[in-house]
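Small disclaimer: the values here were computed from a predicted structure and weren't measured. Throughout, a chain's letter reflects where its sequence line sits, starting with A, and its residues are numbered from 1.
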2 protein chains.
Amino acid sequence: MRALAKEQKNQSSALIAKDQIKQLIFSGELLADSNYLETELADRLGMSRTPVRQATLMLEAQGLLEVQPRKGVRINSISIKDMEDIYEILTELECLAARRAAQADLKKTDLKLLLDAINAMETALASEDREAWAMADEAFHTELVRLGGNRRIESMVSNVNDQVRRARAFTLNMRPLPTKSNKDHKKLYTSILKGNAEAAHDTHRKHRKNASELLISLLKNAGMKRV
Amino acid sequence: MRALAKEQKNQSSALIAKDQIKQLIFSGELLADSNYLETELADRLGMSRTPVRQATLMLEAQGLLEVQPRKGVRINSISIKDMEDIYEILTELECLAARRAAQADLKKTDLKLLLDAINAMETALASEDREAWAMADEAFHTELVRLGGNRRIESMVSNVNDQVRRARAFTLNMRPLPTKSNKDHKKLYTSILKGNAEAAHDTHRKHRKNASELLISLLKNAGMKRV
DNA sequence: GGATTTGTTAATGTATTCATTAACTGATCA
DNA sequence: TGATCAGTTAATGAATACATTAACAAATCC
(Lines give C-alpha, C1' and ligand atoms only; values in the text may rest on other atoms or scores of the structure.)
Protein backbone atom coordinates (compact mmCIF):
# COMPACT_ATOMS: atom_id res chain seq x y z
CA MET A 1 0.00 0.00 0.00
CA ARG A 2 2.56 2.52 1.08
CA ALA A 3 4.87 1.35 -1.66
CA LEU A 4 2.14 1.99 -4.17
CA ALA A 5 1.41 5.47 -2.93
CA LYS A 6 5.10 6.18 -2.94
CA GLU A 7 5.43 4.84 -6.42
CA GLN A 8 2.81 7.25 -7.60
CA LYS A 9 4.53 10.19 -5.98
CA ASN A 10 6.60 11.20 -8.92
CA GLN A 11 4.17 10.03 -11.53
CA SER A 12 2.21 12.43 -13.63
CA SER A 13 -1.56 12.49 -13.38
CA ALA A 14 -1.68 11.04 -16.86
CA LEU A 15 0.17 7.92 -15.74
CA ILE A 16 -1.91 7.67 -12.59
CA ALA A 17 -5.02 7.98 -14.73
CA LYS A 18 -3.73 5.25 -17.01
CA ASP A 19 -3.19 2.88 -14.10
CA GLN A 20 -6.46 3.73 -12.45
CA ILE A 21 -8.52 3.36 -15.59
CA LYS A 22 -6.88 0.00 -16.13
CA GLN A 23 -7.83 -1.01 -12.62
CA LEU A 24 -11.39 0.16 -13.17
CA ILE A 25 -11.54 -1.96 -16.30
CA PHE A 26 -10.06 -5.05 -14.66
CA SER A 27 -12.31 -4.79 -11.66
CA GLY A 28 -15.34 -4.48 -13.88
CA GLU A 29 -16.29 -1.05 -12.58
CA LEU A 30 -16.02 0.10 -16.16
CA LEU A 31 -18.04 -2.34 -18.22
CA ALA A 32 -16.91 -3.81 -21.50
CA ASP A 33 -18.85 -2.59 -24.51
CA SER A 34 -19.97 0.46 -22.61
CA ASN A 35 -19.04 4.06 -23.20
CA TYR A 36 -17.72 6.57 -20.72
CA LEU A 37 -17.33 10.25 -21.35
CA GLU A 38 -14.03 11.93 -20.69
CA THR A 39 -15.66 14.33 -18.27
CA GLU A 40 -17.18 11.44 -16.39
CA LEU A 41 -13.81 9.72 -16.01
CA ALA A 42 -12.12 12.97 -15.08
CA ASP A 43 -14.66 13.56 -12.30
CA ARG A 44 -14.28 10.02 -11.13
CA LEU A 45 -10.51 10.31 -10.92
CA GLY A 46 -10.58 13.80 -9.49
CA MET A 47 -8.56 15.44 -12.22
CA SER A 48 -9.17 17.46 -15.35
CA ARG A 49 -9.85 16.07 -18.79
CA THR A 50 -6.32 16.72 -20.02
CA PRO A 51 -4.47 13.89 -18.25
CA VAL A 52 -7.46 11.59 -18.60
CA ARG A 53 -7.45 12.12 -22.32
CA GLN A 54 -3.75 11.40 -22.49
CA ALA A 55 -4.37 8.21 -20.58
CA THR A 56 -7.19 7.09 -22.85
CA LEU A 57 -5.04 7.65 -25.93
CA MET A 58 -2.29 5.52 -24.44
CA LEU A 59 -4.76 2.81 -23.51
CA GLU A 60 -6.25 2.94 -26.98
CA ALA A 61 -2.77 2.33 -28.40
CA GLN A 62 -2.58 -0.68 -26.10
CA GLY A 63 -5.91 -1.95 -27.36
CA LEU A 64 -7.85 -1.84 -24.12
CA LEU A 65 -10.38 0.70 -25.30
CA GLU A 66 -11.42 2.86 -28.20
CA VAL A 67 -11.81 6.60 -28.23
CA GLN A 68 -15.09 7.22 -30.00
CA PRO A 69 -15.62 10.90 -30.72
CA ARG A 70 -18.79 12.22 -29.13
CA LYS A 71 -19.70 8.84 -27.71
CA GLY A 72 -17.05 8.48 -25.06
CA VAL A 73 -14.37 5.86 -24.71
CA ARG A 74 -15.59 2.35 -25.27
CA ILE A 75 -14.08 -0.43 -23.22
CA ASN A 76 -13.23 -3.24 -25.59
CA SER A 77 -14.69 -6.63 -24.96
CA ILE A 78 -12.95 -9.82 -25.97
CA SER A 79 -14.52 -12.47 -28.18
CA ILE A 80 -13.65 -16.15 -28.21
CA LYS A 81 -11.69 -15.55 -31.41
CA ASP A 82 -9.81 -12.73 -29.68
CA MET A 83 -8.98 -15.03 -26.82
CA GLU A 84 -7.64 -17.62 -29.20
CA ASP A 85 -5.56 -15.04 -31.04
CA ILE A 86 -4.17 -13.64 -27.84
CA TYR A 87 -3.28 -16.97 -26.32
CA GLU A 88 -1.57 -17.97 -29.50
CA ILE A 89 0.68 -14.93 -29.23
CA LEU A 90 1.15 -15.33 -25.52
CA THR A 91 2.18 -18.93 -25.99
CA GLU A 92 4.67 -18.11 -28.69
CA LEU A 93 6.29 -15.29 -26.73
CA GLU A 94 6.43 -17.16 -23.46
CA CYS A 95 7.90 -20.23 -25.09
CA LEU A 96 10.54 -18.06 -26.68
CA ALA A 97 11.31 -16.64 -23.24
CA ALA A 98 11.45 -20.14 -21.78
CA ARG A 99 13.91 -21.25 -24.42
CA ARG A 100 16.08 -18.22 -23.84
CA ALA A 101 15.99 -18.67 -20.10
CA ALA A 102 17.19 -22.24 -20.53
CA GLN A 103 20.03 -21.06 -22.73
CA ALA A 104 21.12 -18.41 -20.24
CA ASP A 105 23.00 -20.76 -17.94
CA LEU A 106 21.03 -19.68 -14.91
CA LYS A 107 21.88 -20.87 -11.41
CA LYS A 108 19.56 -21.89 -8.61
CA THR A 109 19.86 -18.46 -7.06
CA ASP A 110 18.68 -16.87 -10.29
CA LEU A 111 15.64 -19.10 -10.24
CA LYS A 112 14.65 -18.35 -6.67
CA LEU A 113 11.59 -16.28 -7.54
CA LEU A 114 10.42 -18.91 -9.98
CA LEU A 115 10.69 -21.58 -7.32
CA ASP A 116 8.98 -19.33 -4.79
CA ALA A 117 6.05 -18.97 -7.16
CA ILE A 118 5.86 -22.73 -7.64
CA ASN A 119 5.83 -23.27 -3.88
CA ALA A 120 3.24 -20.54 -3.41
CA MET A 121 1.00 -22.29 -5.92
CA GLU A 122 1.41 -25.56 -4.06
CA THR A 123 0.45 -23.94 -0.79
CA ALA A 124 -2.50 -22.24 -2.41
CA LEU A 125 -3.67 -25.50 -3.94
CA ALA A 126 -3.45 -27.25 -0.58
CA SER A 127 -5.71 -24.66 0.99
CA GLU A 128 -7.84 -24.39 -2.15
CA ASP A 129 -7.22 -20.67 -2.28
CA ARG A 130 -7.88 -19.77 -5.90
CA GLU A 131 -7.01 -16.11 -5.51
CA ALA A 132 -3.62 -16.91 -4.05
CA TRP A 133 -3.04 -19.51 -6.72
CA ALA A 134 -3.84 -17.04 -9.49
CA MET A 135 -1.47 -14.48 -8.03
CA ALA A 136 1.35 -17.00 -7.76
CA ASP A 137 0.65 -18.27 -11.24
CA GLU A 138 0.91 -14.78 -12.62
CA ALA A 139 4.12 -14.25 -10.66
CA PHE A 140 5.50 -17.45 -12.16
CA HIS A 141 4.76 -16.41 -15.72
CA THR A 142 6.01 -12.90 -15.19
CA GLU A 143 9.25 -14.17 -13.73
CA LEU A 144 9.67 -16.72 -16.49
CA VAL A 145 9.43 -14.01 -19.09
CA ARG A 146 11.79 -11.80 -17.14
CA LEU A 147 14.34 -14.59 -17.02
CA GLY A 148 14.16 -14.76 -20.79
CA GLY A 149 16.12 -11.54 -20.75
CA ASN A 150 14.30 -9.81 -23.57
CA ARG A 151 12.70 -6.66 -22.23
CA ARG A 152 10.45 -6.23 -25.21
CA ILE A 153 8.92 -9.64 -24.70
CA GLU A 154 8.21 -8.63 -21.13
CA SER A 155 6.30 -5.55 -22.11
CA MET A 156 4.46 -7.21 -24.99
CA VAL A 157 3.37 -10.10 -22.82
CA SER A 158 2.27 -7.68 -20.15
CA ASN A 159 0.20 -5.73 -22.64
CA VAL A 160 -1.43 -8.79 -24.08
CA ASN A 161 -2.09 -10.18 -20.62
CA ASP A 162 -3.97 -7.04 -19.72
CA GLN A 163 -6.37 -7.81 -22.51
CA VAL A 164 -7.37 -11.20 -21.12
CA ARG A 165 -7.28 -10.28 -17.47
CA ARG A 166 -11.05 -9.96 -17.21
CA ALA A 167 -11.65 -13.28 -18.92
CA ARG A 168 -9.23 -15.05 -16.61
CA ALA A 169 -10.74 -13.51 -13.53
CA PHE A 170 -14.14 -14.49 -14.81
CA THR A 171 -13.29 -18.17 -15.17
CA LEU A 172 -11.16 -18.43 -12.06
CA ASN A 173 -13.92 -19.86 -9.94
CA MET A 174 -15.35 -22.00 -12.68
CA ARG A 175 -12.13 -23.90 -13.17
CA PRO A 176 -11.29 -27.16 -11.48
CA LEU A 177 -8.33 -26.68 -9.19
CA PRO A 178 -5.30 -26.88 -11.46
CA THR A 179 -3.65 -29.61 -9.45
CA LYS A 180 -1.80 -30.96 -12.44
CA SER A 181 -0.37 -27.69 -13.69
CA ASN A 182 2.30 -27.45 -11.07
CA LYS A 183 3.90 -30.55 -12.48
CA ASP A 184 4.40 -28.61 -15.69
CA HIS A 185 5.86 -25.73 -13.77
CA LYS A 186 8.35 -27.95 -11.99
CA LYS A 187 9.31 -29.65 -15.20
CA LEU A 188 9.93 -26.29 -16.80
CA TYR A 189 11.96 -25.18 -13.81
CA THR A 190 14.18 -28.25 -14.13
CA SER A 191 14.62 -27.82 -17.86
CA ILE A 192 15.72 -24.24 -17.39
CA LEU A 193 18.12 -25.15 -14.63
CA LYS A 194 19.60 -27.96 -16.71
CA GLY A 195 19.86 -25.72 -19.73
CA ASN A 196 17.63 -27.92 -21.83
CA ALA A 197 16.25 -25.27 -24.16
CA GLU A 198 14.04 -27.34 -26.41
CA ALA A 199 12.52 -29.21 -23.51
CA ALA A 200 11.75 -25.91 -21.82
CA HIS A 201 10.16 -24.63 -24.98
CA ASP A 202 8.06 -27.72 -25.61
CA THR A 203 6.99 -28.22 -22.02
CA HIS A 204 5.76 -24.72 -21.81
CA ARG A 205 4.01 -24.90 -25.15
CA LYS A 206 1.99 -27.89 -24.02
CA HIS A 207 1.26 -26.21 -20.72
CA ARG A 208 -0.01 -23.09 -22.39
CA LYS A 209 -1.98 -25.00 -24.95
CA ASN A 210 -3.80 -26.96 -22.26
CA ALA A 211 -4.48 -23.86 -20.24
CA SER A 212 -5.88 -21.91 -23.15
CA GLU A 213 -8.03 -24.76 -24.39
CA LEU A 214 -9.47 -25.14 -20.93
CA LEU A 215 -10.14 -21.45 -20.59
CA ILE A 216 -11.82 -21.24 -23.95
CA SER A 217 -13.98 -24.28 -23.41
CA LEU A 218 -15.06 -22.88 -20.06
CA LEU A 219 -16.11 -19.65 -21.72
CA LYS A 220 -17.94 -21.54 -24.44
CA ASN A 221 -19.72 -23.79 -21.99
CA ALA A 222 -20.74 -20.79 -19.97
CA GLY A 223 -22.30 -19.44 -23.14
CA MET A 224 -19.99 -16.47 -23.04
CA LYS A 225 -19.69 -14.83 -26.41
CA ARG A 226 -17.77 -11.85 -25.17
CA VAL A 227 -16.01 -10.91 -21.96
CA MET B 1 0.00 11.84 -52.03
CA ARG B 2 -3.63 12.81 -52.41
CA ALA B 3 -4.63 9.64 -50.65
CA LEU B 4 -2.42 10.60 -47.77
CA ALA B 5 -3.83 14.09 -47.50
CA LYS B 6 -7.30 12.67 -47.68
CA GLU B 7 -6.47 10.14 -45.07
CA GLN B 8 -5.46 12.86 -42.73
CA LYS B 9 -8.68 14.77 -43.27
CA ASN B 10 -10.61 13.22 -40.47
CA GLN B 11 -7.67 12.56 -38.24
CA SER B 12 -7.06 14.50 -35.12
CA SER B 13 -3.95 16.63 -34.82
CA ALA B 14 -2.65 14.20 -32.25
CA LEU B 15 -2.69 11.36 -34.76
CA ILE B 16 -1.19 13.54 -37.45
CA ALA B 17 1.52 14.55 -35.01
CA LYS B 18 2.15 10.91 -34.20
CA ASP B 19 2.60 10.01 -37.86
CA GLN B 20 4.72 13.03 -38.61
CA ILE B 21 7.01 12.56 -35.65
CA LYS B 22 7.44 8.96 -36.69
CA GLN B 23 8.36 10.11 -40.18
CA LEU B 24 10.83 12.61 -38.77
CA ILE B 25 12.42 9.84 -36.76
CA PHE B 26 12.59 7.40 -39.67
CA SER B 27 14.02 9.98 -42.01
CA GLY B 28 16.68 10.90 -39.50
CA GLU B 29 15.54 14.51 -39.20
CA LEU B 30 15.12 13.80 -35.52
CA LEU B 31 18.35 12.17 -34.38
CA ALA B 32 18.55 9.16 -32.13
CA ASP B 33 19.90 9.88 -28.66
CA SER B 34 19.00 13.53 -29.04
CA ASN B 35 16.40 15.51 -27.18
CA TYR B 36 13.69 17.71 -28.59
CA LEU B 37 11.49 20.02 -26.59
CA GLU B 38 7.75 19.83 -26.93
CA THR B 39 7.59 23.46 -27.95
CA GLU B 40 10.16 22.82 -30.62
CA LEU B 41 8.19 19.93 -32.08
CA ALA B 42 4.94 21.86 -31.85
CA ASP B 43 6.46 24.74 -33.80
CA ARG B 44 7.87 22.35 -36.33
CA LEU B 45 4.51 20.69 -36.87
CA GLY B 46 2.58 23.92 -36.78
CA MET B 47 0.31 23.01 -33.91
CA SER B 48 0.09 23.57 -30.19
CA ARG B 49 1.81 21.51 -27.54
CA THR B 50 -1.36 19.66 -26.57
CA PRO B 51 -1.64 17.26 -29.52
CA VAL B 52 2.15 16.97 -29.76
CA ARG B 53 2.30 15.89 -26.18
CA GLN B 54 -0.42 13.32 -26.74
CA ALA B 55 1.55 12.02 -29.70
CA THR B 56 4.78 11.74 -27.73
CA LEU B 57 3.03 9.81 -24.98
CA MET B 58 1.66 7.36 -27.52
CA LEU B 59 5.05 6.97 -29.13
CA GLU B 60 6.63 6.47 -25.76
CA ALA B 61 4.21 3.60 -25.15
CA GLN B 62 5.35 2.18 -28.46
CA GLY B 63 8.98 2.44 -27.40
CA LEU B 64 10.18 4.84 -30.07
CA LEU B 65 11.11 7.60 -27.67
CA GLU B 66 11.19 8.62 -24.06
CA VAL B 67 9.55 11.61 -22.49
CA GLN B 68 12.19 13.09 -20.23
CA PRO B 69 10.79 15.84 -18.03
CA ARG B 70 12.55 19.13 -18.57
CA LYS B 71 14.96 17.64 -21.08
CA GLY B 72 12.62 17.04 -23.95
CA VAL B 73 11.69 13.81 -25.67
CA ARG B 74 14.64 11.59 -26.40
CA ILE B 75 14.59 9.54 -29.55
CA ASN B 76 15.60 6.02 -28.63
CA SER B 77 18.54 4.47 -30.39
CA ILE B 78 18.86 0.76 -30.97
CA SER B 79 21.82 -1.33 -29.84
CA ILE B 80 22.98 -4.57 -31.37
CA LYS B 81 21.40 -6.43 -28.48
CA ASP B 82 18.15 -4.57 -29.13
CA MET B 83 18.31 -5.60 -32.76
CA GLU B 84 18.80 -9.21 -31.78
CA ASP B 85 15.93 -9.08 -29.32
CA ILE B 86 13.65 -7.45 -31.83
CA TYR B 87 14.43 -9.82 -34.66
CA GLU B 88 13.87 -12.75 -32.36
CA ILE B 89 10.36 -11.51 -31.66
CA LEU B 90 9.73 -10.58 -35.25
CA THR B 91 10.79 -14.02 -36.38
CA GLU B 92 8.57 -15.76 -33.89
CA LEU B 93 5.51 -13.69 -34.74
CA GLU B 94 5.96 -13.87 -38.49
CA CYS B 95 6.52 -17.61 -38.40
CA LEU B 96 3.35 -17.96 -36.41
CA ALA B 97 1.54 -15.92 -39.04
CA ALA B 98 3.08 -18.04 -41.80
CA ARG B 99 1.87 -21.21 -40.15
CA ARG B 100 -1.60 -19.81 -39.70
CA ALA B 101 -1.73 -18.62 -43.28
CA ALA B 102 -0.83 -22.10 -44.46
CA GLN B 103 -3.60 -23.57 -42.33
CA ALA B 104 -6.19 -21.14 -43.64
CA ASP B 105 -6.82 -22.97 -46.92
CA LEU B 106 -6.08 -19.89 -49.00
CA LYS B 107 -6.61 -19.82 -52.76
CA LYS B 108 -4.45 -18.27 -55.43
CA THR B 109 -6.65 -15.19 -55.49
CA ASP B 110 -6.10 -14.70 -51.77
CA LEU B 111 -2.37 -14.78 -52.35
CA LYS B 112 -2.35 -12.26 -55.17
CA LEU B 113 -0.74 -9.46 -53.19
CA LEU B 114 1.90 -11.82 -51.89
CA LEU B 115 2.76 -12.89 -55.40
CA ASP B 116 2.73 -9.29 -56.61
CA ALA B 117 5.30 -8.47 -53.97
CA ILE B 118 7.47 -11.38 -55.01
CA ASN B 119 7.35 -10.27 -58.63
CA ALA B 120 8.06 -6.68 -57.66
CA MET B 121 11.15 -7.85 -55.81
CA GLU B 122 12.29 -9.78 -58.85
CA THR B 123 11.88 -6.74 -61.06
CA ALA B 124 13.69 -4.58 -58.57
CA LEU B 125 16.54 -7.05 -58.34
CA ALA B 126 16.89 -7.13 -62.13
CA SER B 127 17.28 -3.37 -62.22
CA GLU B 128 19.31 -3.33 -59.01
CA ASP B 129 16.85 -0.89 -57.48
CA ARG B 130 17.38 -1.35 -53.77
CA GLU B 131 14.71 1.13 -52.76
CA ALA B 132 12.07 -0.63 -54.81
CA TRP B 133 13.23 -3.98 -53.50
CA ALA B 134 12.96 -2.80 -49.89
CA MET B 135 9.45 -1.54 -50.47
CA ALA B 136 8.35 -4.77 -52.08
CA ASP B 137 10.02 -6.78 -49.35
CA GLU B 138 8.14 -4.83 -46.72
CA ALA B 139 4.91 -5.32 -48.67
CA PHE B 140 5.58 -9.05 -48.75
CA HIS B 141 6.10 -9.31 -45.03
CA THR B 142 3.13 -7.10 -44.23
CA GLU B 143 0.88 -9.16 -46.46
CA LEU B 144 2.18 -12.40 -45.02
CA VAL B 145 1.28 -11.28 -41.54
CA ARG B 146 -2.11 -10.05 -42.72
CA LEU B 147 -2.81 -13.45 -44.25
CA GLY B 148 -2.11 -14.99 -40.87
CA GLY B 149 -5.45 -13.57 -39.85
CA ASN B 150 -4.50 -12.45 -36.36
CA ARG B 151 -4.95 -8.70 -36.11
CA ARG B 152 -2.90 -8.39 -32.99
CA ILE B 153 0.10 -9.97 -34.64
CA GLU B 154 -0.24 -7.40 -37.39
CA SER B 155 -0.10 -4.48 -35.04
CA MET B 156 2.64 -5.94 -32.88
CA VAL B 157 4.81 -6.69 -35.88
CA SER B 158 4.19 -3.22 -37.23
CA ASN B 159 5.21 -1.66 -33.92
CA VAL B 160 8.34 -3.71 -33.65
CA ASN B 161 9.23 -3.04 -37.25
CA ASP B 162 9.08 0.67 -36.61
CA GLN B 163 11.83 0.23 -34.10
CA VAL B 164 14.30 -1.25 -36.58
CA ARG B 165 13.32 0.87 -39.55
CA ARG B 166 16.30 3.18 -39.20
CA ALA B 167 18.73 0.30 -38.90
CA ARG B 168 17.33 -1.38 -41.99
CA ALA B 169 17.45 1.82 -44.01
CA PHE B 170 20.99 2.32 -42.84
CA THR B 171 22.22 -1.04 -44.05
CA LEU B 172 20.17 -1.10 -47.24
CA ASN B 173 23.01 0.12 -49.42
CA MET B 174 25.65 -1.87 -47.62
CA ARG B 175 23.98 -5.17 -48.32
CA PRO B 176 24.74 -7.38 -51.25
CA LEU B 177 21.72 -7.64 -53.50
CA PRO B 178 19.52 -10.29 -51.88
CA THR B 179 19.31 -12.40 -55.00
CA LYS B 180 18.81 -15.57 -53.03
CA SER B 181 16.06 -14.35 -50.76
CA ASN B 182 13.35 -14.50 -53.36
CA LYS B 183 13.76 -18.25 -53.51
CA ASP B 184 12.73 -18.33 -49.88
CA HIS B 185 9.75 -16.14 -50.64
CA LYS B 186 8.60 -18.38 -53.45
CA LYS B 187 9.04 -21.45 -51.33
CA LEU B 188 6.96 -19.89 -48.60
CA TYR B 189 4.32 -18.91 -51.13
CA THR B 190 4.08 -22.49 -52.32
CA SER B 191 3.93 -23.89 -48.81
CA ILE B 192 1.08 -21.58 -47.94
CA LEU B 193 -0.81 -22.41 -51.11
CA LYS B 194 -0.36 -26.13 -50.52
CA GLY B 195 -1.37 -25.79 -46.91
CA ASN B 196 1.90 -27.13 -45.61
CA ALA B 197 1.97 -25.35 -42.29
CA GLU B 198 5.15 -26.67 -40.78
CA ALA B 199 7.09 -26.12 -44.00
CA ALA B 200 5.83 -22.56 -44.12
CA HIS B 201 6.87 -22.04 -40.53
CA ASP B 202 10.32 -23.53 -40.96
CA THR B 203 11.07 -21.91 -44.30
CA HIS B 204 10.26 -18.55 -42.91
CA ARG B 205 12.23 -19.12 -39.75
CA LYS B 206 15.36 -19.87 -41.73
CA HIS B 207 14.72 -16.90 -43.97
CA ARG B 208 14.37 -14.54 -41.06
CA LYS B 209 17.33 -16.00 -39.26
CA ASN B 210 19.57 -15.46 -42.27
CA ALA B 211 18.31 -11.95 -42.79
CA SER B 212 18.82 -10.92 -39.19
CA GLU B 213 22.27 -12.45 -38.97
CA LEU B 214 23.27 -10.60 -42.10
CA LEU B 215 21.88 -7.33 -40.84
CA ILE B 216 23.59 -7.66 -37.50
CA SER B 217 26.94 -8.60 -38.95
CA LEU B 218 26.73 -5.63 -41.30
CA LEU B 219 26.13 -3.33 -38.38
CA LYS B 220 28.98 -4.88 -36.44
CA ASN B 221 31.37 -4.66 -39.36
CA ALA B 222 30.44 -1.06 -39.88
CA GLY B 223 31.46 -0.50 -36.27
CA MET B 224 27.94 0.56 -35.43
CA LYS B 225 27.22 0.29 -31.75
CA ARG B 226 23.88 2.05 -31.91
CA VAL B 227 21.53 3.12 -34.66
C1' DG C 1 39.31 28.00 -3.78
C1' DG C 2 35.55 25.12 -3.08
C1' DA C 3 31.12 24.02 -1.47
C1' DT C 4 26.60 25.20 -0.31
C1' DT C 5 22.60 27.76 -0.70
C1' DT C 6 19.41 30.87 -2.68
C1' DG C 7 17.26 32.95 -6.65
C1' DT C 8 16.05 32.74 -11.45
C1' DT C 9 14.78 30.55 -15.51
C1' DA C 10 12.52 27.62 -18.46
C1' DA C 11 10.19 23.45 -19.57
C1' DT C 12 6.81 20.40 -18.18
C1' DG C 13 2.24 19.02 -16.59
C1' DT C 14 -2.46 20.43 -15.68
C1' DA C 15 -6.49 23.25 -15.87
C1' DT C 16 -9.27 26.13 -18.39
C1' DT C 17 -11.13 28.32 -22.26
C1' DC C 18 -12.60 28.22 -26.78
C1' DA C 19 -14.01 26.36 -31.34
C1' DT C 20 -15.86 22.74 -33.86
C1' DT C 21 -19.06 19.49 -35.01
C1' DA C 22 -21.90 15.29 -34.53
C1' DA C 23 -26.25 14.06 -32.60
C1' DC C 24 -30.71 15.08 -31.28
C1' DT C 25 -35.14 17.68 -31.22
C1' DG C 26 -38.80 19.68 -33.15
C1' DA C 27 -40.96 21.93 -36.79
C1' DT C 28 -42.29 22.38 -41.47
C1' DC C 29 -43.59 20.59 -45.80
C1' DA C 30 -44.94 17.07 -49.15
C1' DT D 1 -47.93 10.30 -41.81
C1' DG D 2 -43.33 10.49 -42.86
C1' DA D 3 -39.27 12.73 -44.19
C1' DT D 4 -36.24 16.44 -44.34
C1' DC D 5 -34.18 20.43 -42.58
C1' DA D 6 -32.96 23.97 -39.20
C1' DG D 7 -31.72 25.00 -34.54
C1' DT D 8 -29.91 23.51 -30.24
C1' DT D 9 -27.09 20.89 -27.35
C1' DA D 10 -23.22 18.75 -25.69
C1' DA D 11 -18.94 16.40 -26.20
C1' DT D 12 -14.60 16.43 -28.30
C1' DG D 13 -10.24 18.39 -29.73
C1' DA D 14 -6.99 22.21 -29.62
C1' DA D 15 -5.04 26.42 -27.84
C1' DT D 16 -3.89 29.05 -24.13
C1' DA D 17 -3.11 30.18 -19.42
C1' DC D 18 -1.30 28.84 -15.27
C1' DA D 19 1.28 26.26 -11.66
C1' DT D 20 5.04 23.46 -10.53
C1' DT D 21 9.58 22.18 -10.29
C1' DA D 22 14.12 20.67 -11.92
C1' DA D 23 18.26 22.76 -13.61
C1' DC D 24 21.36 26.37 -13.77
C1' DA D 25 23.72 30.50 -12.09
C1' DA D 26 25.29 33.58 -8.92
C1' DA D 27 26.51 34.81 -4.53
C1' DT D 28 27.78 33.88 0.07
C1' DC D 29 30.15 31.39 3.50
C1' DC D 30 33.78 28.30 5.16
Side-chain angles (χ1 to χ4, degrees), chain A residues 4-25 29-76, chain B residues 4-25 29-76:
Chain A
L4 197 128
K6 205 171 167 186
E7 225 174 276
Q8 290 194 347
K9 266 282 164 57
N10 280 9
Q11 277 191 352
S12 64
S13 299
L15 293 181
I16 295 174
K18 188 178 157 194
D19 284 348
Q20 298 206 337
I21 293 172
K22 273 168 73 166
Q23 285 312 316
L24 290 173
I25 294 174
E29 291 174 74
L30 299 182
L31 299 173
D33 289 335
S34 296
N35 290 73
Y36 300 90
L37 298 178
E38 289 181 0
T39 318
E40 199 182 335
L41 292 173
D43 286 348
R44 202 154 176 168
L45 302 184
M47 55 182 77
S48 79
R49 274 179 50 221
T50 305
V52 169
R53 186 169 168 71
Q54 289 164 359
T56 58
L57 288 172
M58 289 190 276
L59 292 173
E60 182 178 44
Q62 206 198 311
L64 279 184
L65 49 83
E66 263 171 66
V67 176
Q68 298 182 326
R70 271 154 246 287
K71 291 188 168 180
V73 296
R74 180 183 183 80
I75 313 301
N76 284 338
Chain B
L4 198 128
K6 205 172 165 186
E7 225 173 277
Q8 289 193 350
K9 268 281 164 58
N10 281 9
Q11 277 191 354
S12 66
S13 298
L15 293 181
I16 294 174
K18 188 178 157 195
D19 284 348
Q20 298 207 336
I21 293 172
K22 271 167 76 166
Q23 285 312 317
L24 290 173
I25 294 174
E29 291 174 75
L30 298 182
L31 299 172
D33 289 335
S34 296
N35 290 74
Y36 301 90
L37 299 179
E38 289 181 359
T39 319
E40 201 180 336
L41 293 173
D43 287 348
R44 202 154 176 169
L45 302 184
M47 55 182 77
S48 79
R49 272 179 52 221
T50 304
V52 168
R53 185 170 169 70
Q54 288 163 359
T56 59
L57 288 172
M58 289 190 275
L59 292 172
E60 183 178 44
Q62 205 198 312
L64 279 184
L65 51 81
E66 262 170 66
V67 175
Q68 298 182 328
R70 270 154 247 286
K71 291 188 168 180
V73 295
R74 181 183 183 81
I75 314 300
N76 283 339

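Within the structure, salt bridge (charged side-chain N to carboxylate O under 4.0 Å, His left out) pairs that include any residue of residues 55-71 of chain A do not occur (at least two apart or interchain). Sorted by first then second residue, the side-chain hydrogen bond (donor to acceptor under 3.5 Å, both in side chains) pairs that include residues 43-52 of chain A, not counting sequence neighbours, are A:Glu38-A:Arg49.
Atom CG of A:Leu31 is separated from atom CG of A:Leu24 by 11.0 Å, given to the nearest 0.5 angstrom.
Rounding to whole angstrom units, CE of residue A:Met47 and P of C:dT16 are separated by 13 Å. Rounded to whole Å, the distance from CD on A:Gln11 to C1' on C:dT14 is 16 Å. Rounded to whole Å, the distance from CG on A:Asp43 to C1' on C:dA15 is 13 Å.
For A:Thr50, no side-chain nitrogen or oxygen approaches OP1 or OP2 of C:dT14 to under 4.0 Å.
Evaluation of the side chain to side chain donor-acceptor pair (under 3.5 Å) rule for A:Gln68 yields A:Asn35 as partners, not counting sequence neighbours. The side-chain contact (heavy atoms from CB on, under 4.5 Å) search around A:Ala14 returns A:Ser12, A:Pro51, A:Gln54, A:Met58, not counting sequence neighbours. Contacts of B:Ala32 classified as side-chain contact (heavy atoms from CB on, under 4.5 Å), with partners at least two apart in sequence or in another chain: B:Ser77, B:Arg166.
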Restricting both atoms to N or O, compile the protein contacts to nucleotides 9-13 of chain C shorter than 3.5 Å, with distance only.
residue : atom : partner : partner atom : Å
C:dA11  : N3   : B:Arg70 : NH1          : 3.0
C:dT12  : OP1  : B:Glu38 : N            : 3.4
C:dG13  : OP2  : B:Arg53 : NH1          : 2.4
C:dG13  : OP2  : B:Arg53 : NH2          : 2.9
C:dG13  : O5'  : B:Arg53 : NH2          : 3.2
C:dG13  : N7   : B:Arg49 : NH2          : 2.6
C:dG13  : O6   : B:Arg49 : NH1          : 3.2

